Q: 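Got a structure here, written out as structure tokens. Questions coming.
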Protein chains: 4
Amino acid sequence: MMPEPPPPNARRSIGAQRNPASAEAILSAAEALLSEEGYGGFSIEKVARRARAGKPTIYKWWPSKAALLLDVYQRQKSIEMPDTGRLEDDIIQFIDAILTHWRETPAGTIFRSVVAEAQSDETAGAALSDFATEREADTGFLIWRGLERREVRDDIRPAEAARWIVAYLWYRLLTGQLAAPGMTRADVRILVGGLERRP
Amino acid sequence: MMPEPPPPNARRSIGAQRNPASAEAILSAAEALLSEEGYGGFSIEKVARRARAGKPTIYKWWPSKAALLLDVYQRQKSIEMPDTGRLEDDIIQFIDAILTHWRETPAGTIFRSVVAEAQSDETAGAALSDFATEREADTGFLIWRGLERREVRDDIRPAEAARWIVAYLWYRLLTGQLAAPGMTRADVRILVGGLERRP
Amino acid sequence: MMPEPPPPNARRSIGAQRNPASAEAILSAAEALLSEEGYGGFSIEKVARRARAGKPTIYKWWPSKAALLLDVYQRQKSIEMPDTGRLEDDIIQFIDAILTHWRETPAGTIFRSVVAEAQSDETAGAALSDFATEREADTGFLIWRGLERREVRDDIRPAEAARWIVAYLWYRLLTGQLAAPGMTRADVRILVGGLERRP
Amino acid sequence: MMPEPPPPNARRSIGAQRNPASAEAILSAAEALLSEEGYGGFSIEKVARRARAGKPTIYKWWPSKAALLLDVYQRQKSIEMPDTGRLEDDIIQFIDAILTHWRETPAGTIFRSVVAEAQSDETAGAALSDFATEREADTGFLIWRGLERREVRDDIRPAEAARWIVAYLWYRLLTGQLAAPGMTRADVRILVGGLERRP
DNA sequence: TATTAAGCGAGACGGTACGTCTCGTCTTAGA
DNA sequence: TCTAAGACGAGACGTACCGTCTCGCTTAATA
């Protein structure tokens, strides 16, 4: 009935300050859980069990499932921008690198979870919206470099153009089309070349 | 101990066949619930209560939450294809019509729910993937008409081009950017005209 | 979507230990429910509702309906052994006291429920069997005192003789013959005096 | 969606009259179900499935689970009264014969189910009470023959004395003490000889 | 050096929802 | 008119999580 003393090797409080080992254990457990069971099998309860952490400890630092998911996603390593010297190839390589990353690491599952969570949690929704804007800006660098190289039309604004790329990436993820070799090249040709017949 | 007989005006069995009134009541209740409380407040339990239906009746016909959500979404009325005589305006009007539809009817919330559900339910995932392909084909009609009118480059394949449009629509929905007047026009200009500097 | 916090006056956790107030509320609710609706109207669901307790709280401490019923029965106050100085009167008074107790308090309904439950639940079956043995031993005290007083034949073993009394009590309960004044006296005469014609 | 035609070998209506084959199939299915799964696994639903009968057909002829259980019990073959020429042996043999019957055929399980059902169903309760009275009368025959043989005290009334025997039998059944060789002999000695020390 | 204050694990708590089972009623289609 | 079939509203089953609360311990910062 009385609480057992914890096993001697357990993490304990380190005083009136956050224990980084706990935060680390929780994030790792969440990541592992997501990659093993996906969003459907993800719960704070399981994370706590796996991390040997108390639920209130989790809620204290991440007030919602969404917050924890976002933190887990932020931990994933980011993708380097390719530099082939040619816009079209840059975009293709960038897209394929991200799709591969999503396919071969937990990152894809984690991000799908964030998107799902954002549909029912307003905080996550706002965070996702901000994140999207940020991705547009980052990705805009590819376009900006194309402008520098005078490959891209002068009236193109990098972030707006990048919006198409980000949307396309999410769409591939959410529809489960992460692995479709060749698809990217054809699709990117359309975006880069436009739809209009040239005079 | 004995189950109460239902009130005399309740829906009853109409024999060894599905009662369409129940199906209707369930779908309506689900739609109303989604539009009032969103995906987060959606549960089979609440749908059953609201529809005055038994849970087993729901599970009998829609084996998962995803199946019910998809059926609710299919009930939404579809959008007519605009025909302005000009590809760019067709696309802009089409996108804005859908965004408006999503913003002003429950359809947006419902579809966000379907997407969320698809991230944890494999069946819904497959259905969403199929649905996406279907939308690409439908939307491809706009491009095809542009080909007919010789507005569009000969080497463009309608469904592939349409994929960009569908992805863009989903992205606007999922990031909560349903109402951004003017945004669509600028973005579509990029897709239609392409990124490349003309020689 | 978010679970409502319980009303401020509700029972809450008192830490990582069982809250006796909850246990008490649950047992009381179960007892009240049984006495009002009988075994047929008894369900864990109703007990939880009535006790304002969560179902999992009940299942945590009483893993089956049978366990809860047995605990509720154990809470009933026990009957004092009469001491009239004469075996036959002791037995009659004992039997009538128990029948009255069963008739005028929830105890009778509760014990009938335990017996019923024991017919489909193995745990309850074993518990009932143990309980019966215990009752035989307890009731044997009446016989033992008769032996002490040299009223009872030397070769009688108290618990065996008491088995007849316990069986008789259960039979009266299960056949709904709790109130039949005079019946007990005649029946007990048979047990005490035996069937055999004396030489 | 439309109901399948039944398999060609199914029992069908034989017109505007009760089909005895259905009644038989239902009773057999109920008996088999009880003996295989016990009272806990017994349900009208399963009986109907097993008998390939419609639930309304069952409810039409047996208005409650209790009624069906009682009918199933009545179908069991009855036990012959032993005639050893000596009261005590008659009673021992009678008791052991019934316990053996209950132990080795479905009859024991069925009767336990009837008793359990009688604790929540008033109809079954009344039927069980009547049944008990009937058993007392039947069993009284043993005592009556003892009277005839002048083995039994003149003031003993057969049905009352038999009540002890019936109670004892039920008790052995309900506490799961069907198989305890030797127990019966010692216990019956007490009943027959009485508790009182002879002067 | 002693006290306080926060963090920590553990886990109980009131709840909601899950997906399944059975209840007893009802209607149909077919013989 | 009776049958098999099965849909129906109702509601209980036992389990998983939710987010909150309290406990008893541990430790760093403060007094």
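Because the structure is predicted, anything quoted here is derived from the model rather than measured. Letters go in sequence order (proteins before strands), and every chain restarts at 1.
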Q: Should the pair C/Glu36-C/Lys46 be classified as a salt bridge under the 4.0 Å nitrogen-to-oxygen rule?
A: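 A salt bridge is absent here (no side-chain N lies under 4.0 Å from a carboxylate O).
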Q: Is a donor-acceptor pair below 3.5 Å formed from side chain B/Ser13 to base F/dA7, judging by atom type as modelled?
A: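 Looking at the base of F/dA7, it does pair with a donor or acceptor on the side chain of B/Ser13 (distance under 3.5 Å).
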Q: Measuring to OP1 and OP2 of E/dT22, would you say a side-chain N or O of D/Arg49 lies under 4.0 angstrom away?
A: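 Yes.
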Q: Can you tell me how far P of F/dC17 sits from CZ of A/Arg50, to the nearest Å?
A: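 Distance, rounded to whole Å: 13 Å.
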Q: Go through F/dC13, E/dG24, E/dG19 for me and flag the one nearest to the B/Tyr59 side chain.
A: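 Nearest listed nucleotide: E/dG19.
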Q: Tell me if the side-chain of A/Lys55 makes a donor-acceptor pair with the base of E/dG11, cut-off 3.5 Å, by modelled atom types.
A: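 Per atom types, no contact qualifies.
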Q: Just call it for B/Trp62: base, sugar-phosphate, or nothing, with non-hydrogen atoms closer than 4.0 Å on any strand.
A: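 It contacts nothing in the nucleic acid.
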Q: Would you say the side-chain atoms of B/Arg11 pair up with the backbone N or O of B/Arg52, donor to acceptor, closer than 3.5 Å?
A: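 Checking the backbone N and O of B/Arg52 against the side chain of B/Arg11, a donor-acceptor pair under 3.5 Å is found.
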Q: Tell me whether the OP1 or OP2 atom of F/dA7 has a side-chain N or O from B/Ser22 closer than 4.0 Å.
A: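 No.
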Q: Just wondering, more than 12 heavy atoms not from B/Gln74 lying within 6.0 Å of its CD?
A: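 Result for CD/B/Gln74: enclosed.
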Q: Quick one: is A/Thr57 getting a side-chain N or O under 4.0 Å of the E/dG7 phosphate, OP1 or OP2?
A: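 For E/dG7, OP1/OP2 do not have a side-chain N/O of A/Thr57 under 4.0 Å.
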Q: Rounded to whole Å, how long is the line connecting atom NZ of D/Lys46 with atom P of E/dC21?
A: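 Roughly 9 Å, once rounded to whole Å.
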Q: Ignoring backbone atoms, test whether B/Arg12 places a side-chain nitrogen or oxygen under 4.0 Å from the OP1 or OP2 oxygen of F/dG9.
A: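 Result: no.
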Q: Which nucleotide in the list F/dC17, E/dG9, F/dC13 gets nearest to the side chain of C/Glu45?
A: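 Side chain of C/Glu45 sits closest to F/dC13.
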Q: Does the side chain of C/Arg18 get closer than 4.0 angstrom to OP1 or OP2 of E/dG11 through an N or O atom?
A: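 No, C/Arg18 has no side-chain N/O under 4.0 Å of OP1/OP2 on E/dG11.
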Q: Go nucleotide by nucleotide along DNA chain E from the 5' end; which of A/Pro56 and B/Ile44 gets its closest nucleotide reached first?
A: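 Its nearest nucleotide being more 5', the pick is A/Pro56.
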Q: Run the salt-bridge test on B/Glu24 and B/Arg75 with the 4.0 Å N-O cut-off and return the result as yes or no.
A: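 The answer is yes: the pair qualifies as a salt bridge.
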Q: Start at the 5' end of DNA chain E and walk down; is the nucleotide closest to C/Ala53 or to B/Ser43 reached first?
A: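 Nearest-nucleotide comparison on DNA chain E picks C/Ala53.
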Q: Measuring to OP1 and OP2 of F/dA7, would you say a side-chain N or O of B/Trp61 lies under 4.0 angstrom away?
A: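 No, no such contact exists.
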Q: Give a yes/no answer on whether the side chain of D/Arg52 brings an N or O atom under 4.0 Å of OP1 or OP2 in F/dA5.
A: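 Yes, D/Arg52 has a side-chain N/O under 4.0 Å of OP1/OP2 on F/dA5.
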Q: Give, for atom CG of D/Leu70 and atom CZ of D/Phe111, the distance between the pair rounded to the nearest 0.5 Å.
A: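 Spacing of CG (D/Leu70) from CZ (D/Phe111) equals 9.0 Å.
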Q: Pick the nucleotide of DNA chain F nearest each of B/Gly54 and C/Pro63; which residue has the one closer to the 5' end?
A: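 Of the two residues, B/Gly54 wins.
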